[in-house]
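Remarks on the structure that follows.
Only heavy atoms go into these numbers, but all of them, side chains included; no hydrogens, no water, no symmetry mates. Bear in mind that the values here come from a model prediction, so they are computed numbers and not experimental data. In each ligand, atom 1 is the first atom listed, and ligand 1 is the first ligand listed.
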Amino acid sequence: MSQATTPQKIYLKDYTPPAYAVKKVDLDICLYEQQAIVSSRLEMTRQAAGELVLLGRDLQLQQVSVNGEVLSSAQFRLDSESLTLIDAPDRAIVETKVIIKPQTNTTLEGLYQSGLDDEMMFVTQCEPEGFRKITFFPDRPDVLSEYTTRLEAPKTFKTLLANGNLVEAGEVGDDRHYTIWHDPTKKPSYLFAAVIANLQVLQDHYTTSEGRKVLLELYAVSQDIDKCHVAMQALKDSMKWDEDNYGRAYDLDRYMIVATSQFNMGAMENKGLNIFNTSCVLSSPETATDERSFNVKAVIAHEYFHNWTGNRITCRDWFQLCLKEGFTVFRDQSFSGDFRSKAVQRIEDVAILRSAQFAEDAGTLAHPVRPESFVEINNFYTATVYEKGAEIVRMLANLLGKEKFRQGTDEYFARYDGQAVTVEDFLSALSVADERVLAFMPWYRQPGTPVLSGGVQYEQDKVVVRLAQKTRHVPNYDAPVALPIPVDTAIFDSNTGQLLAEKMLLLTTDSAEFVFDGIQLSEGGHPVVSVLRNFSAPVRLEFDYSDEDLVRLVSFETEGFNRWQAMQTLVNRWLFGSFDNVDSIAGLLKTVTDELLDCDPMLAARLFDVPSQKELAMAYDSDYDPVAVKARRDEFIKLIACALADKTTTWYQALPIQAYEDTPLARGRRLLRNVLLDLRLLAGDAAAEQDVYYQYDNATCMSERLGAFTAIINHDLGKKSLYIANFYEKFANEDLVIDAWFNAQALSSRTSIDDIAALMQRQDYDWNTPNRVRTTLGALAAKPVQLWTQQGMALYLSAVERLDGSNPLLAARLLSALARWYTLGDDTKAMAQSNLEQLKQKVQSKNVLEFLDNMLTV
Ligand code: 0A1
Ligand code: ZN
């Protein structure tokens, strides 16, 4: 596309059903050294008015025929996006033959090569619009078909996989072979998958609640196959969990997962053949931190859960993306919460929501959970669609309670199985259990994070909680309306800490008062009201707690999330200057750490959280000064470290390295130990440096090793270069660990922009592997002080420009991290704007152009 063309917008209101249905698809992919030949046979029947249009991109059409007759060029129109058959009959067997070039496809969409030499493989990524890069097809999610796939390749690729069941395998001459797969379930084209590779397989079985014996297979290159056990266990746990919690069993005889090193996202739920980024499937104690290992389990669950929420019931159109993603994220978060402390799970999920989604909602890329228009659908795989989408489902689940929610989801599965549906359909099914569900529709339509404010009054035994909501008016959208906001509330006695009342309040208007009667307070006590427990709605809370009541909540709130939140609110108040008693925060940390050290070290570690620089930036709509924000944050951490200096070493010693175990307790101990190590170094503890080296040298797992390694780098310890070399050498063959090596260095505030640029010049900095690219650019985006300088932006945007040509999806995602540039102080803002405007002159992709257009409209 030339720069002058305005990218074309697509609107939800323009949806029309497809003109033709495709009953059956027969696909044949023959891979050769420089190209692949793809033949397809589609059984099409007319369903509605309109031409027979097949979408295709970067395909070299060799031949097209209809009902056995080869078409002449006068019988079809071909452009860069589509093939239209003129005067096509109502029933048509359409056959096409095309040439594609997977070997040079760097976009990681369609069929592409990942890896080199023995690790070379060919994989597909079809969601959302990649299938049209493999063959001509009505590539939209409401066209559901039955697929048969033949794959043919040289025998050097011994693994030939596609969706469904293997029905045939054989040889073609001496050097080539083939397999044929049949998928009996009807699916949209975005769930198609094929893999041509040379992989090892880890096998297991699972028998479903319906008695089906399912073969489970995890495929990876040979050096990684021993890192698939965590994922295999997670898969079995997920299968059982979905049966127990939603009554959903798996429906095919085979479930395959393939690990690939080059992948734009985390993983993909293709029917019966998931394709995973290695970072989301490989895990071993030696190579994956606890955080990553836990994420592996969550992503395995997420993709598995899609089998019902996404695959069997799919989206009518891409505007409905949150239908499958919001629900599936909610499901995977619930699954993860069942395997650890629920409070910690919620703290982590909310931390992601706040740092990624709230920022999106507050910036130039704000959009509703269900957008009403887009230029490039790939730009809408966002925190808003996923995370805020999950929050809406969570609100509904909480409102309905376990049984009614299950009644509603049972209705959803029964009513829409095998169909492509909308958000309205989802709510309509849930509403059989409770009609109040229908009032939540505006949450899907309205962008912007509501601000929930309020306070408390009381007189004798009557406590009144005032609540009010306000959502900013996002340009180009209707004026905001009041949303239904569930506010989980508790009342404690200020003296005794006793829990006096608990209730889920539902605010449905701009403001309201909620009365609690019969509250029996102790002599001289007052009610301490704790609102939005467990973060019961995705809002920004501005409740007028007194500082003293927040301190009380840290001590006696029984709900873990709000206990953590009370501490966060105090920290925020200190950072923004409205609370100056750092000793009181340190005192609280002392007491809670002593209390939790043995029973819940993970929560203890979390209580030391300080909002990230990016999160703090959210507080500014103008005049944001990254240097001042960082300085204040650093000052706080240093003060805490010094105030706790007499305790941190004792706690650290109480958590010695032990034989590796993968339990919540062991993971908590490892995390807390790393937090303490950092604080000790900050406080100048003389023994800490030796302890860091000791922890690194004697680590039993990657969490311990990387914790020490990061501390060595962040604190610029004497043996830093030695350890940088040692770490590299030890793990030179482990790409994901080398990613961590890049990332730890790039993230340190001591690593300059020049140093980051130098990392990016290295031979092993592979621009075709998104995981590697993100190690440095993700780090730079997390360091606003460096990012928002001429040099930082130049480095960052030159990477975006470079990727715009080779991998526009990745380029656009990286760019979106700069969406709040206009909040900077005047000079920096002008610098940022001119950099973004210059970039606009140099890029081509719809992905990057759509974001730039939106970002520059402030
Ligand atoms: N559906 C996947 C996410 C995904 C989206 C796009 C991709 O490539 C362009 C890949 C994966 C999920 O939610 O896990
Ligand atoms: Zn998903």
query: Looking at Phe327, does the NZ or CZ of Arg331 lie under 6.0 angstrom from its six-membered ring centre and within 45 degrees of the ring axis?
result: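 Yes, Arg331 and Phe327 form such a contact.
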- prompt: Between Arg57 and Glu109, is there a salt bridge with N-O shorter than 4.0 Å?
  reply: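 Salt bridge flag = no for Arg57 with Glu109.
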message: Between Asp237 and Lys297, does any side-chain N to carboxylate O distance fall below 4.0 Å?
response: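 Salt bridge: no.
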query: Under a 4.5 Å cut-off applied to non-hydrogen side-chain atoms, are Asp425 and Ile313 in contact?
result: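 The answer is no; the side chains never approach within 4.5 Å.
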For ligand 1, is there an N or O atom under 3.5 Å from any N or O atom of [X]?
{"X": "Glu269", "answer": "yes"}
{"X": "Tyr381", "answer": "no"}
{"X": "Ala267", "answer": "yes"}

message: Rounding to 10°, state the angle centred on the Zn ion (ligand 2) that links NE2 in His306 with NE2 in His302.
response: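 The NE2/NE2 angle about the Zn ion (ligand 2) sits at 100°.
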field: Among Phe319, Trp318, Tyr11, ring-ring contact (aromatic ring centres under 6.0 Å, His included) partner for Phe374
entry: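 The residue from Phe319, Trp318, Tyr11 that satisfies ring-ring contact (aromatic ring centres under 6.0 Å, His included) with Phe374 turns out to be Phe319.
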- prompt: Which of these, Tyr190, Phe263, Tyr386, has its nearest heavy atom closest to atom 12 (C) of ligand 1?
  reply: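 Closest candidate by heavy-atom distance is Tyr386.
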Where ligand 1 meets [X] - atom numbers and elements under 4.0 angstrom, heavy-atom basis:
{"X": "Glu325", "result": "1 (N), 12 (C), 13 (O)"}
{"X": "His302", "result": "12 (C), 13 (O), 14 (O)"}
{"X": "Asn378", "result": "9 (C)"}
{"X": "Lys324", "result": "1 (N)"}

Would you say [Y] and [X] are linked by a side-chain donor-acceptor pair, where the criterion is simply a distance under 3.5 Å?
{"X": "Tyr765", "Y": "Thr776", "value": "yes"}
{"X": "Asn807", "Y": "Asn264", "value": "yes"}
{"X": "Glu127", "Y": "Tyr381", "value": "yes"}

- request: Provide, to 0.1 Å, the distance between atom 9 (C) of ligand 1 and the closest protein heavy atom, together with that atom's residue and name.
  value: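 So the nearest neighbour among protein heavy atoms is Glu127 O, 3.2 Å.
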- prompt: Tell me, which protein residue and heavy-atom name are nearest atom 14 (O) of ligand 1, and how many Å apart are they?
  reply: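 Protein heavy atom at minimum distance: Glu303 OE2, 2.6 Å.
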field: Non-hydrogen atom of Asn264 closer than 4.0 Å to ligand 1
entry: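 Contact check Asn264 vs ligand 1: negative.
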- request: Consider ligand 1: state whether an atom of it lies below 4.0 angstrom from any non-hydrogen atom of Gln125.
  value: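 Checking ligand 1 against Gln125, which is what was asked, there is a heavy-atom contact under 4.0 Å.
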task: Start with the C-alpha gap between Phe192 and Val25, add the side-chain angles, then the distance that decides, and say whether side-chain contact (heavy atoms from CB on, under 4.5 Å) holds.
output: CA-CA 11 Å; Phe192 171 81; Val25 181; over 6 Å; no
Backbone or side-chain N/O/S of Glu325 under 2.8 Å of the Zn ion (ligand 2):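 True for Glu325.
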